[in-house]
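Each remark here refers to the structure printed beneath this line.
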Amino acid sequence: MKEDLQLKLSNIEPEAFQKDLIGWFEQEMRELPWRKNKDPYQIWVSEIMLQQTRVDTVIPFYHRFMEQFPTIEALANAPEEKVLKAWEGLGYYSRARNLQTAVREVHEQYEGRVPSSPKEISSLKGVGPYTAGAILSIAYGVPEPAVDGNVMRVLSRVLSIWEDIAKPSSRKVFEEAVRYLISHKNPSYFNQALMELGALVCTPTSPSCLLCPVQAHCSAFAEGVQRDLPVKTRKKSTKVIDLLTVIVQNQQGEWLMNQRPSQGLLANLWEFPSFEKQQGESAVSQLNDFLLADFGVNIVLDPEPWMVQDHVFSHLTWKMAVFKGELTKTSTQNRQNAVWLTKEEVEKLTLPVSHRKIWNQYVSLHS
DNA sequence: AACACGTGGAG
DNA sequence: TCTCCAAGTGT
């Protein structure tokens, strides 16, 4: 352990800190659907959904998901498309696929029981250091650190740690701190309390230090620097991609839909055919070329976009221009991922929010 | 280590 | 509008 951290930890009494922290948690903890019991599967699903996602956003998804896939066996046996559909709108869709992959492994390799050792649970797809610690401590009472953004923020203030929490290497420093501070009597509440404190009191901007149960232990408060912590460098700006999107109908009134590749952005989700716009030629001309080359269809397009829409991802922005068109004649379809679907069938697909919005707009104006 | 990977809410 | 985020993981 770094001597620097050692010194800071020597200024705090773990038992007193635990008592104040856990006592507060027992009084103030929110009633959340995944706090009703300690079922490892239920904890697991909630932890995956909560990755980079707000509690309020997760709650309705969690309810629907657990209703649809109440057990490890149910999720293991479900078709992947059903799982993705249940995840529609939640984002970071690889979480859903990784979760099912891991659940299938638990079903087959561990007789359906979520492993309780750090090594085994960490080997599961989608279970990183945070999630492993969260499941182990909350479901099994194992005193492992579960260091997320909340924990790094809270402890950076309590211990006055000036490491840049945006750097991957910083997590280890906070794990060391948690290993020293954690309650072995109640690791579950200790870890949850640290996160709850970060969510409710020790917030990113304007922390409520006067209401804080561990104020007496807090080095940043003592020094008046709680607003300067944590140190977190911001990431660089996102790039912009001009996208040409087409809603195409054939003579039967079906729509042309495309399934995205199984790797990368929005993997395996469905969409209206879309292409990155190139410099130079007109949008309609480019679209005609693309549709013929990639989908083997000749389309009569409206000359102007039917609607435009920006969609912001974490790392890029789509500036979408959506055109409408009708099929004139078709040759062999070059792209296997493309298919003509009825309205009912389109509704059943998993679309990214950007395309779901376009579809909703389209349906509301054509019915 | 650095970047890809979604979304909706807050200030 | 803009920026930052919210219970991170995979590569």
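In the text below, chain A, chain B and the rest are named by the order of the sequence lines, each starting its count at 1.
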- Just compare C:dT9, B:dG6, B:dA2 and give me whichever is closest to any side-chain atom of A:Y93. B:dG6
- Message: Under 4.0 Å, heavy atoms only, any strand: does A:R30 hit a base, just the sugar-phosphate, or nothing?
- Response: base
- Message: Classify A:G198 by what it touches in the nucleic acid, base, sugar-phosphate, or nothing, heavy-atom distance under 4.0 Å.
- Response: nothing
- Query: Has the side chain of A:T57 got a donor or acceptor atom that lies under 3.5 Å from a matching backbone atom of A:T53?
  - Reply: no
- Task: Pick base, sugar-phosphate or nothing for A:V312, based on heavy-atom distances below 4.0 Å to the nucleic acid.
- Result: base
- Item | Same-atom distance (P) from C:dC2 to B:dC5, integer angstrom | 24 Å
- Note on the structure: Rounded to whole Å, CD of A:E163 lies from P of B:dA1 at a distance of 11 Å
- Can you tell me how far P in B:dG6 sits from the matching atom in C:dT1, rounded to whole Å? 25 Å
- Rounded to whole Å, the CD-P distance (A:E88 to B:dG6) equals 13 Å
- Of the candidates C:dT9, B:dA1, C:dC5, the side chain of A:S169 sits closest to B:dA1
- Query: Of the candidate nucleotides B:dG6, C:dT11, C:dT9, which contains the atom at the shortest distance from the side chain of A:K125?
  - Reply: C:dT11
- Task: Provide, to the nearest angstrom, the distance between the CD atom belonging to A:Q309 and the C1' atom belonging to B:dG6.
- Result: 14 Å
- Message: Could you check whether the side chain of A:T53 and the base of B:dG8 have a donor-acceptor pair of N or O atoms closer than 3.5 Å, going by distance alone?
- Response: no
- Among C:dA6, C:dT9, B:dG8, which is the nearest nucleotide to the side chain of A:P204? C:dA6
- Query: Looking at C:dG8, B:dG6, C:dA6, which one has an atom nearest to any side-chain atom of A:Q51?
  - Reply: C:dG8
- Message: If you compare every side-chain N and O of A:H315 against the phosphate oxygens of B:dC3 (OP1, OP2), does one of them come in below 4.0 Å?
- Response: no
- Query: Between B:dA2, C:dG8, B:dA4, which nucleotide gets closest to the side-chain atoms of A:P168?
  - Reply: B:dA2
- Message: When you compare the side chains of A:Q18 and A:Y189, does any donor N or O come within less than 3.5 Å of an acceptor on the partner?
- Response: no
- Query: Mapping A:Q52 and A:K172 onto DNA chain B by nearest heavy atom, which one lands closer to the 5' end?
  - Reply: A:K172
- Quick one: which of C:dT9, B:dG6, C:dA6 gets closest to the side chain of A:Y92? B:dG6
- Message: Please tell me if A:T131 has a side-chain N or O lying less than 4.0 Å from either OP1 or OP2 of C:dT9.
- Response: yes
- Task: Could you please name the option among C:dG8, C:dA6, C:dG10 that lies closest to any side-chain atom of A:R54?
- Result: C:dA6
- Task: May I ask you to say what A:I43 touches in the nucleic acid, namely base, sugar-phosphate or nothing, with a heavy-atom cut-off under 4.0 Å?
- Result: nothing
- Check whether any side-chain N or O of A:K167 sits under 4.0 Å from OP1 or OP2 of B:dC3, and answer yes or no. no
- d(CG, A:L124; P, C:dT9) in whole Å: 12 Å
- Task: Give the rounded distance in Å between these two atoms: CH2 of A:W87 and C1' of B:dG6.
- Result: 12 Å
- Do A:S314 side-chain and B:dG6 base share a donor-acceptor contact under 3.5 Å? yes
- Task: Could you state the atom-to-atom distance from CZ of A:R95 to P of C:dG8 in whole Å?
- Result: 9 Å
- NE2 of A:H355 versus C1' of B:dT7: gap in Å, rounded? 15 Å
- Item | side-chain N/O A:H311 vs B:dT7 OP1/OP2, d < 4.0 Å | yes
- Item | Backbone of A:K167 reached by a side-chain donor or acceptor of A:R171 within 3.5 Å | no
- The reported gap from CD in A:E80 to CG in A:L75 (rounded to nearest 0.5 angstrom) is 10.5 Å
- Can any side-chain N or O of A:N337 pair as donor or acceptor with the backbone N or O of A:Q259 at less than 3.5 Å? yes
- Item | From B:dG6, B:dG8, C:dT9, nucleotide with atom closest to A:Y130 side chain | C:dT9
- Query: Hey, which of these two, A:L265 or A:T205, hits DNA chain B nearer its 5' end, going by closest nucleotide?
  - Reply: A:L265
- Message: For a quick check of understanding: with a heavy-atom distance under 4.0 Å over all strands, which category does A:L266 fall into, base, sugar-phosphate or nothing?
- Response: sugar-phosphate
- Between A:R153 (side chain) and A:G198 (backbone), is there a donor-acceptor pair under 3.5 Å? yes
- Task: Nearest-nucleotide wise, let me know which of A:N98 and A:S46 is further upstream toward the 5' end of DNA chain C.
- Result: A:S46
- Result of checking A:F323, A:F272, A:W306 against A:Y362 for ring-ring contact (aromatic ring centres under 6.0 Å, His included): A:W306
- Atom CE of A:M49 and atom P of C:dG8 are separated, to the nearest Å, by 15 Å
